[in-house]
Amino acid sequence: MEQQSKDPLHGKRLDVILEELVEYYNGFEKLSEQISIKCFTDNPSISSSLKFLRKTPWARTKVESLYLFVLREKKRKESRG
């Protein structure tokens, strides 16, 4: 039997993570309040942000950390009913 990874980022593509964050925060404006990086503040788009995040490890780490936080928040809200 294959053992499944417990890492919530395992198998998640960066574009899916970014799209979910943009949706959760209702756009780049609110997302940029959480992570202040230029690709979210100056003429933002999924495409341009992905280019930046793929070549900038520290920014990608911030986005992944925020995504993990959002997953925990969603789970917390679900458990409260």
Side-chain angles (χ1 to χ4, degrees):
M1 287 192 126
E2 285 186 37
Q3 188 174 0
Q4 295 227 345
S5 173
K6 294 189 188 264
D7 180 4
L9 295 174
H10 180 78
K12 275 283 190 181
R13 292 182 11 197
L14 185 57
D15 60 334
V16 173
I17 290 171
L18 186 56
E19 288 169 0
E20 285 186 36
L21 287 174
V22 170
E23 183 180 326
Y24 183 83
Y25 286 105
N26 298 311
F28 279 102
E29 186 177 336
K30 295 286 185 191
L31 179 56
S32 71
E33 291 174 8
Q34 301 299 314
I35 303 174
S36 182
I37 52 179
K38 195 172 182 177
C39 70
F40 294 164
T41 59
D42 293 352
N43 198 19
S45 71
I46 296 289
S47 176
S48 66
S49 296
L50 285 172
K51 286 178 189 173
F52 178 76
L53 293 171
R54 285 184 177 130
K55 64 181 181 181
T56 315
W58 64 264
R60 182 179 181 144
T61 299
K62 285 186 172 205
V63 167
E64 290 173 344
S65 294
L66 180 62
Y67 180 71
L68 292 173
F69 171 78
V70 166
L71 288 179
R72 286 191 304 270
E73 286 297 302
K74 285 181 177 180
K75 193 175 266 189
R76 197 173 292 136
K77 286 178 183 177
E78 284 176 7
S79 67
R80 289 184 190 157

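Numbers for residues simply follow the sequence, beginning at 1. Since we're looking at a predicted model, the values are computed, not measured.
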The side-chain hydrogen bond (donor to acceptor under 3.5 Å, both in side chains) partners of Thr61 (sequence neighbours excluded) come to none
Rounding to 0.5 Å, atoms CG (Leu71) and CG (Leu66) come to a distance of 9.5 Å
So ring pair (Phe, Tyr, Trp, His ring centres under 6.0 Å) across residues 13-44, not counting sequence neighbours, yields Phe28-Phe40
OG of Ser36 to NZ of Lys62, rounded to nearest 0.5 Å, is 8.0 Å
**Request:** For atom CD of Glu73, decide whether the heavy atoms of other residues, nucleotides or ligands shown that lie under 6.0 angstrom number more than 12.
**Result:** yes
Worksheet entry | Any donor-acceptor N/O pair, Ser79 side chain to Arg76 backbone, under 3.5 Å | yes
Original post:
Do Glu78 and Lys74 pass the salt bridge (Lys or Arg N to Asp or Glu O under 4.0 Å) test, and can you show the C-alpha distance, the side-chain angles, and the key distance before you say yes or no?
Top reply: CA-CA 6 Å; Glu78 284 176 7; Lys74 285 181 177 180; over 6 Å; no
**Prompt:** Is there a donor-acceptor pair closer than 3.5 Å between any side-chain N or O of Thr41 and the backbone N or O of Lys38?
**Reply:** yes
Validation: residues 7-22 side-chain donor-acceptor distances under 3.5 Å, sequence neighbours left out:
{"from": "Asp7", "atom 1": "OD1", "to": "Leu9", "atom 2": "N", "distance (Å)": "2.9"}
{"from": "Lys12", "atom 1": "NZ", "to": "Glu20", "atom 2": "OE2", "distance (Å)": "3.0"}
{"from": "Lys12", "atom 1": "NZ", "to": "Tyr67", "atom 2": "OH", "distance (Å)": "3.1"}
{"from": "Arg13", "atom 1": "NE", "to": "Asp15", "atom 2": "OD1", "distance (Å)": "3.0"}
{"from": "Arg13", "atom 1": "NH2", "to": "Asp15", "atom 2": "OD1", "distance (Å)": "3.3"}
{"from": "Arg13", "atom 1": "NH2", "to": "Asp15", "atom 2": "OD2", "distance (Å)": "2.5"}
{"from": "Glu20", "atom 1": "OE1", "to": "Tyr67", "atom 2": "OH", "distance (Å)": "3.1"}

Notebook entry, point to check: Taking atom NZ of Lys30 as the centre, does the number of heavy atoms from other residues, nucleotides or ligands within less than 6.0 Å exceed 12?
Noted result: no
Heavy atoms of Cys39 and Pro44 approach each other most closely as O-CB, 3.3 Å
